[in-house]
Enquirer: 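Could you have a look at this structure, given as C-alpha cells, before my questions?
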Amino acid sequence: MDLRHVPGARERGWYLALMAPNVKGPNYAWLDPSRLYCHPQGLQDCVADLLQPFCGDTIDLVAGIDAMGFILGAAAAAVLQKGFLAIRKAGHLCVETLAQPYTDYSGRQKLMEIRTDVVAPGLRVLLVDQWVETGGTMRAAIELVERLGGVVAGRQDGTGTPRRAAGAAAEPRGRPVPAGVAAICIEDSEGGRWLRERYKCAHCVPPRLQPLFDRHQ
C-alpha cells in the first residue's frame, strides 16, 4: 500500500478499498478494516464521514468499544475535541465498574464493563465501534451507557415515530438527536436493523456496496 497515494476524486467510502481481505481462513474475520487506519488521508476521511451526520448535534463524550473501536473512537474524540471513554472487556479495569453480558458476532458469550465515575445522567455519548455485524456488542455498550443515565440517542422524534439516520441519509424530522452510534459498517442484520430503528446511526458504506458487505463479499 502506498501511503502517499490519494485518488483525485475522493468519493464517499473510497478508503474502504484499503481494507485487507482474510487470507488465514475461517477462524478469522472475513476482512481486516484496520489497514485503512495506516493511510493518513483514508483515516481522516473515514472519521469525517462518520461524524458528518452528527454535525450540529451536541456531543459531550465519545466512547469506543474494546478493542478496535478504540482507534476510531479516539480519532473521533480528537476531531471533536472531546474526551474519550474506553468500554472494556471484563477483567481489565481496576476501578468500580458496571458489567453487561452479551453475545458477540461469533456467538460467544462475553462480559463488557464500563467505569462508573465518568458517565453522569444526561451526558450525551457518541458510541463508536469498528464494525456492527450482529449488533450484540453495540447493544451491550448502549445498555451500559443508559444504565448510568447517559444519552446515546433519542428513541423517537417529536411525532412519536422511530428515528432513522444512517450514513449520509437526510436527517429525520423531530427534535435534534444529541448523540448516537457510529461504525465503518452496520450490516443489515436483525441487530443492525434494531439499532437503526432506535438510534441515530452513521456508517461509511455507500448504498450500492451495502449488499456486498452484508454478504461478506
Side-chain angles (χ1 to χ4, degrees), residues 1-7 10-50 62-78 84 86-93 99-113 127-142 166-167 181-196 201-217:
M1 178 175 63
D2 184 355
L3 296 179
R4 297 168 296 180
H5 175 70
V6 178
R10 289 174 15 232
E11 298 180 354
R12 179 181 177 85
W14 70 269
Y15 42 80
L16 298 174
L18 298 170
M19 298 188 293
N22 174 3
V23 298
K24 290 189 174 181
N27 292 330
Y28 294 83
W30 73 283
L31 194 67
D32 175 26
S34 66
R35 188 170 181 259
L36 78 84
Y37 307 151
C38 302
H39 193 288
Q41 192 63 57
L43 177 59
Q44 289 181 53
D45 288 356
C46 177
V47 173
D49 286 344
L50 285 178
V62 178
I65 300 174
D66 198 343
M68 300 308 293
F70 293 168
I71 301 170
L72 282 177
F84 175 77
I87 298 179
R88 302 299 311 272
K89 294 183 179 74
H92 295 288
L93 292 170
Q100 178 69 34
Y102 69 101
T103 303
D104 72 3
Y105 69 93
S106 67
R108 289 176 292 183
Q109 298 291 319
K110 294 184 177 180
L111 194 64
M112 181 183 296
E113 288 184 332
L127 272 170
V128 181
D129 203 358
Q130 178 173 262
W131 206 273
V132 173
E133 189 169 333
T134 63
T137 304
M138 182 61 76
R139 190 165 178 172
I142 291 171
V181 171
I184 291 176
C185 178
I186 301 176
E187 294 188 18
D188 188 28
S189 60
E190 181 180 351
R193 290 190 293 273
W194 184 91
L195 287 170
R196 292 181 182 185
C201 296
H203 65 89
C204 302
V205 180
R208 62 183 175 81
L209 296 179
Q210 186 70 48
L212 297 177
F213 280 77
D214 293 338
R215 296 193 296 267
H216 295 182
Q217 295 179 339

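Hydrogens, waters and symmetry mates play no part in the numbers below; they use all other heavy atoms, side chains included. Residue numbers count from 1 along this sequence.
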Enquirer: Between the side chains of Q130 and Y37, does any donor sit under 3.5 Å from an acceptor?
Expert: yes
Enquirer: Just wondering, do T137 and Y105 contact through their side chains at under 4.5 Å, heavy atoms?
Expert: no
Enquirer: Look at the side chain of D214 and the backbone N and O of E187, then say whether any donor-acceptor pair between them is shorter than 3.5 Å.
Expert: no
Enquirer: For T103, what residues pass the side chain to side chain donor-acceptor pair (under 3.5 Å) criterion, not counting sequence neighbours?
Expert: Q109
Enquirer: Using side chain to side chain contact (heavy atoms under 4.5 Å, CB included), reason through Y15 and H39 one step at a time and then give a plain yes or no.
Expert: CA-CA 9 Å; Y15 42 80; H39 193 288; over 6 Å; no
Enquirer: Pairing donors with acceptors under 3.5 angstrom, does anything connect the side chains of E113 and H92?
Expert: no
Enquirer: In Å and rounded to the nearest 0.5 Å, what is the CE to CG distance from M138 to D104?
Expert: 14.0 Å
Enquirer: Got a sec, which residues hit salt bridge (charged side-chain N to carboxylate O under 4.0 Å, His left out) with D45, two or more places apart in sequence or on another chain?
Expert: R10
Enquirer: Please report the closest heavy-atom contact between F84 and G64, naming both atoms and the distance.
Expert: CE1-N, 3.3 Å
Enquirer: Between the main-chain N or O of A29 and the side-chain N or O of H216, is there a donor-acceptor pair closer than 3.5 Å?
Expert: no
Enquirer: Report yes or no: does D49 contribute a side-chain atom to a donor-acceptor pair with the main-chain N or O of C204 at less than 3.5 Å?
Expert: no
Enquirer: Under 3.5 Å, is there a donor-acceptor pair between the side chain of T134 and the main chain of G191?
Expert: no
